[in-house]
Structure formats: structure tokens, C-alpha cells
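This report concerns only the one structure given below.
A note on names: the letters A, B, ... follow the listed sequences, proteins ahead of strands, and every chain is numbered from 1.
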2 protein chains.
Amino acid sequence: MADWLSRNVRIAGVERALKAGEVLFRSEQRTVGLYEVITGKLRLVRVDRAGREALLHVAVAGETLAEASLFAPAYHCDAIATTNAVVRLYPKAIVLTEFERNPETAQAFMAMLARQVMKLRTRVEQRNIHSARDRVRHYLALNTGADGRNVKLTGTLKDLAGELGLTHEALYRTLADMAAAGEIERLKGKIRLSKPLA
Amino acid sequence: MADWLSRNVRIAGVERALKAGEVLFRSEQRTVGLYEVITGKLRLVRVDRAGREALLHVAVAGETLAEASLFAPAYHCDAIATTNAVVRLYPKAIVLTEFERNPETAQAFMAMLARQVMKLRTRVEQRNIHSARDRVRHYLALNTGADGRNVKLTGTLKDLAGELGLTHEALYRTLADMAAAGEIERLKGKIRLSKPLA
DNA sequence: ATCCGCATATGATCACGATCATATCTTGAT
DNA sequence: ATCAAGATATGATCGTGATCATATGCGGAT
């Protein structure tokens with residue numbers, strides 16, 4: 001994570017611990033930089049005057065957050081710790097001058113953003129699939145290893161369910177059904193497709 | 001659209017017309033640059049050996065496409081015209097040297113990518129909302145004008161339904177219900193919230 | 001060895017959005 | 001003025017994923 005930033009930037013990172021519920025920044029505040037989530041969860045929300053929150057994103061450990069703040073004078077949403085959390089701040093001025101001074105860093109950052117865009121577009125597309133089974137198939141098809149047969153599972157099935165936009169129950173059932181139908185094989189820490197596709 | 005690129009880059013753009021079904025590029029091919037969709041629709045897919053397609057994204061007019069190709073030696077998916085289409089190619093070398101020569105262009109590009117990431121994250125979050133009504137509420141809350149009361153509708157309701165990941169029928173019904181319940185007012189080309197939230 | 005917390009299941013029920021069908025209204029072209 | 005195509009509705013039915021409940025398995029802490 002944060003492999004996009006040069007050593008110069010990384011050493012300029014400032015860690016900060018947040019208690020659950022604590023506010024990292026609020027809309028309209030002057031931007032100080034972008035953050036990396038080290039541990040815990042933050043939520044990005046837009047809040048109306050009545051205090052209702054509209055959820056924009058939940059950032060978890062390893063993710064970067066408020067990238068657009070580099071190019072804007074003020075934040076456009078609120079960031080609030082959902083759990084106890086630790087974040088690392090990369091000050092705007094340092095990052096931007098590093099980009100100017102060292103085009104390679106700038107390119108690495110662009111590449112990281114471009115990859116994220118790709119990934120997110122794919123996820124949006126995945127959510128257009130209504131059938132749980134087809135959604136799982138879509139995920140498996142896009143995550144097979146080089147052999148086109150094995151899909152390594154990182155994290156728990158519950159996490160995967162969240163990533164797929166399914167309830168864990170639905171995922172458990174779907175996987176059980178697919179295994180019963182002989183479509184997949186369930187191994188320790190991975191899933192194997194019965195008929196490889198690559 | 002493409003307001004991120006400097007004049008130098010824009011004039012280097014090369015247009016190309018595609019017939020429906022025509023392939024723009026295939027996975028593994030050497031990258032020549034990124035594209036902007038001028039008219040029509042392209043789909044980005046990953047194809048397995050059996051010829052099955054896994055849809056990654058559908059790019060429509062105004063969108064940019066294959067941004068990550070700037071930083072990779074080969075494409076990682078196939079791009080196929082779904083309709084007759086016109087695209088404009090911005091050659092990799094020109095774009096990249098422009099980034100080095102003119103940091104402002106680089107920053108504009110980064111900013112564009114960062115905004116896209118934001119937007120896509122928000123959309124993914126929106127898709128986590130299951131109730132059609134709440135999904136519409138989420139959309140309205142995030143798209144009110146400065147007065148916190150009016151939401152301008154660009155395009156048709158059908159388009160909006162697609163953006164929300166609902167069928168048009170579901171959206172029509174939901175809007176009708178919300179209007180009947182006095183939650184919203186339906187004006188020409190816009191929707192007004194009965195109780196403003198900002 | 002025991003206990004606790006959480007992941008993993010699986011069952012029963014239900015709400016709700018998808019789907020298919022049909023009708024009206026709007027818009028633009030000729 | 002006429003016509004066609006597409007957007008906007010609205011009705012009826014159905015499938016399936018969400019929800020609530022309950023049980024078991026498993027790993028880690030003490």
C-alpha cells in the first residue's frame with residue numbers, strides 16, 4: 001500500500017490516532033493533504049443541516065482517502081472514524097512539490113488512480129448483475145489465478161460477501177449450491193473452478 | 001469532456017470510426033494510448049478461452065477509456081464497439097511527454113482521475129442500498145442544487161434508472177409513490193424535495 | 001480444558017424489485 | 001397533419017435475495 005509515493009513523501013507522513021466517532025475533517029475546511037488509513041475504518045459522508053448523513057464511502061485499512069483534496073482548496077465531505085483508527089497524513093504541499101520535482105512519482109500516482117478507476121468501474125458493473133450466482137461467477141471469472149482455475153480467498157467469506165454486495169447468508173448458500181452442482185470445489189483458502197476458463 | 005488535456009494534446013487526437021461489433025483493441029496488444037468516446041458505446045470485457053465475456057465496463061460518449069494504458073505496456077482487456085461509434089485516440093507518447101513538460105496538465109489529469117474515483121466510490125456505496133426508495137433518496141440528497149431543494153434531471157428517467165441500477169419501471173413507480181406521499185414534487189426537468197435538506 | 005467471540009452454515013418467511021404486458025404521452029421527422 | 005419511435009406509466013405475477021432465527025465449528029485468550 002502507498003507504493004506509489006516516493007521515499008521523500010513517505011517520510012513526511014504524519015500519523016494520527018482517532019477514537020471511534022472522532023472527526024478527521026469536515027466539509028469546507030481547508031485541505032491539508034491526503035490520508036492513508038493504517039488501521040480501522042473511516043466513513044466519508046455528506047451531512048445536511050438536519051444532521052442526516054449520506055454515505056459516500058467507507059475507507060478501510062490500506063486505502064487512501066481524499067486524493068482529490070490535493071487539487072482543491074477545501075474538503076467536500078466529512079471524514080469520521082467509525083472505529084478506533086490510525087491514519088497517516090501526507091501534506092499537500094510536500095506531495096505536490098514532489099510531483100513537480102519528480103515526474104516518476106507523479107506517474108506512479110496517476111497509475112495508481114487509473115488502476116483504482118478500473119477496479120471501481122468493474123465493481124459497479126458487477127453490482128448490475130442481479131443473480132447472486134452470476135455475481136459470484138463474475139467475481140470468480142475475474143479473479144482466477146494464472147491457471148484459470150484457482151481463486152485465492154483473501155479474508156473471510158463475510159468480507160467477500162460485502163465486496164460482492166451480498167449478505168453473508170446469500171453467499172454461503174450460493175457457494176454451497178455451486179459446490180453441490182459440481183461447478184466449483186471448495187478448498188482451504190481458495191475456490192477451484194471445475195471447468196477452468198482460461 | 002476531456003477538459004483535463006492541454007491544447008497540445010487535444011490537437012494530437014486522432015479520430016476513428018467503429019462499426020458495431022468492431023474491436024478497438026484486444027488484451028495483450030501493445031498500448032498506443034488512451035481513448036475518448038465521442039459517440040456511441042464501447043464495452044470493455046475480459047474474454048476467456050471459451051469466448052465467454054465478463055463485462056468490466058460500458059463506456060459511453062464523453063467518457064475516457066483505458067487511462068491505465070498510459071502506464072502499462074499492454075492492454076489488459078478487450079474493447080469492442082457495442083454500437084457504431086467514434087473514438088478519439090490520444091497517443092501515449094504525446095500525452096506522457098506533455099505531462100513531463102507541463103506539470104499543470106499532469107495535475108489536471110490527476111485531478112480528473114481523483115474526481116472519478118470519488119464518484120465511482122459513491123456509486124458503489126449507492127448500490128449497497130437495497131431499497132429503491134432509499135436509493136433514490138440517496139441520489140437526490142447528493143444531487144441537490146445549492147438551495148438544497150432542487151435536483152436537475154439531465155437526460156431521461158430511463159437513463160437515471162440505469163445510473164441508479166434500477167429498472168425504469170421500478171424508478172417510475174418509486175418516484176410516483178414518493179410524489180404521492182408528498183416527499184417530492186415533480187417539475188419539468190427537475191425534482192424538488194418537499195423538505196429541503198441543506 | 002474452558003470459554004468467548006466470530007465465522008460458517010442452514011432453515012423459514014417475506015418483502016420487493018424484476019419481468020412481461022399493455023397503454024398513453026411526448027417528441028421529432030416528413 | 002400524420003406517423004413512428006421512444007419515454008413514461010401502470011398492472012399482474014414471480015423469483016429470489018433480505019431478514020430473522022438458530023446451530024455448529026473454529027481459533028484465540030486465559
Side-chain angles (χ1 to χ4, degrees), chain A residues 20 39-41 55 60-61 82-84 123-140 151-192, chain B residues 20 39-41 55 60-61 82-84 123-140 151-192:
Chain A
T39 63
K41 274 187 201 172
L55 188 58
V60 299
T82 296
T83 67
N84 289 346
R123 188 174 294 199
V124 168
E125 209 52 63
Q126 171 196 88
R127 299 304 179 92
N128 282 338
I129 302 172
H130 294 291
S131 142
R133 199 146 177 177
D134 286 341
R135 205 179 284 188
V136 170
R137 285 200 188 106
H138 185 259
Y139 174 83
L140 293 175
V151 181
K152 188 165 56 169
L153 298 176
T154 64
T156 69
L157 290 179
K158 251 184 119 156
D159 294 338
L160 178 58
E163 192 177 326
L164 293 178
L166 295 172
T167 58
H168 50 192
E169 297 99 318
L171 178 60
Y172 293 146
R173 276 186 247 269
T174 304
L175 289 177
D177 290 350
M178 290 174 75
E183 186 173 347
I184 60 171
E185 226 178 316
R186 305 188 57 180
L187 291 324
K188 177 123 193 123
K190 63 176 164 180
I191 291 175
R192 179 168 2 221
Chain B
T39 63
K41 275 188 201 173
L55 186 59
V60 299
T82 297
T83 65
N84 289 346
R123 189 175 293 200
V124 168
E125 208 54 64
Q126 170 196 90
R127 299 304 179 92
N128 281 338
I129 302 172
H130 293 291
S131 143
R133 199 145 177 177
D134 286 341
R135 206 179 283 187
V136 171
R137 285 200 188 106
H138 186 258
Y139 174 83
L140 294 175
V151 180
K152 188 166 54 169
L153 297 176
T154 63
T156 69
L157 289 179
K158 252 183 119 158
D159 294 338
L160 178 58
E163 192 178 324
L164 293 177
L166 295 171
T167 58
H168 51 189
E169 297 99 319
L171 178 60
Y172 293 146
R173 278 187 244 269
T174 304
L175 289 177
D177 290 350
M178 290 174 75
E183 186 173 346
I184 59 171
E185 227 178 315
R186 305 189 58 181
L187 290 325
K188 176 122 192 124
K190 64 178 165 179
I191 291 176
R192 181 172 355 227

Pairs under 3.5 angstrom, nitrogen or oxygen only, protein versus nucleotides 3-11 of chain C, please.
{"residue": "C:dA7", "atom": "OP2", "partner": "A:Lys158", "partner atom": "NZ", "Å": "3.0"}
{"residue": "C:dT8", "atom": "OP1", "partner": "A:Leu157", "partner atom": "N", "Å": "3.4"}
{"residue": "C:dT8", "atom": "OP2", "partner": "A:Leu157", "partner atom": "N", "Å": "3.1"}
{"residue": "C:dT8", "atom": "OP2", "partner": "A:Lys158", "partner atom": "N", "Å": "3.1"}
{"residue": "C:dT8", "atom": "OP2", "partner": "A:Tyr172", "partner atom": "OH", "Å": "3.1"}
{"residue": "C:dA9", "atom": "OP2", "partner": "A:Arg186", "partner atom": "NH2", "Å": "2.9"}
{"residue": "C:dG11", "atom": "N7", "partner": "A:Arg173", "partner atom": "NH1", "Å": "2.7"}
{"residue": "C:dG11", "atom": "O6", "partner": "A:Arg173", "partner atom": "NH2", "Å": "2.9"}

Spatial distance of atom CG (B:Leu171) from atom CG (B:Leu157) [nearest 0.5 Å]: 5.5 Å

Atom-to-atom span, CG of A:Leu166 to P of D:dT19 - whole angstrom: 12 Å

Spacing between A:Arg127 atom CZ and C:dG17 atom C1', to the nearest angstrom: 17 Å

Degree of bending, the helix from C:dA1-D:dT30 to C:dT30-D:dA1 (end axes from five pairs; round to 10°): 50°

Atom pair distance, as rounded to whole Å: CD1 in B:Ile129 and P in C:dG17: 12 Å

Residue pair A:Asp134 / A:His138, side-chain heavy-atom distance below 4.5 Å: no

Pairwise distance CZ(A:Arg123) to CG(A:Asn128) - rounded to 0.5 angstrom: 14.0 Å

Nearest-0.5 Å distance that lies between atom CD1 in B:Ile184 and atom NZ in B:Lys190: 13.5 Å

Protein-nucleotide distance (B:Met178, atom CE; C:dG17, atom P), rounded to Å: 12 Å

Evaluation steps, side-chain contact (heavy atoms from CB on, under 4.5 Å), between B:Asp159 and B:Thr156: CA-CA 5 Å; B:Asp159 294 338; B:Thr156 69; 3.2 Å; yes

Phosphate-side-chain proximity, B:Thr167 and C:dA18, N/O vs OP1/OP2 below 4.0 Å: yes

Whole angstrom value for the distance that separates P of C:dT26 from CG of B:Leu153: 17 Å

Value in whole Å for how far the P atom of C:dA18 lies from CG of A:Asp134: 15 Å

Spatial distance of atom CG (A:Leu166) from atom OH (A:Tyr139) [nearest 0.5 Å]: 12.0 Å

Approximate separation, where rounding is to 0.5 Å, of B:Leu164 CG and B:Gln126 CD: 5.0 Å

A:Thr83 side-chain N/O to A:Lys41 backbone N/O, donor-acceptor pair under 3.5 Å: yes

A:His130 NE2 - C:dT19 P separation (whole Å): 6 Å

Spacing of A:Glu125 atom CD and B:Arg127 atom CZ [to the nearest 0.5 Å]: 8.5 Å

Spacing between B:Leu164 atom CG and C:dG17 atom P, to the nearest angstrom: 12 Å

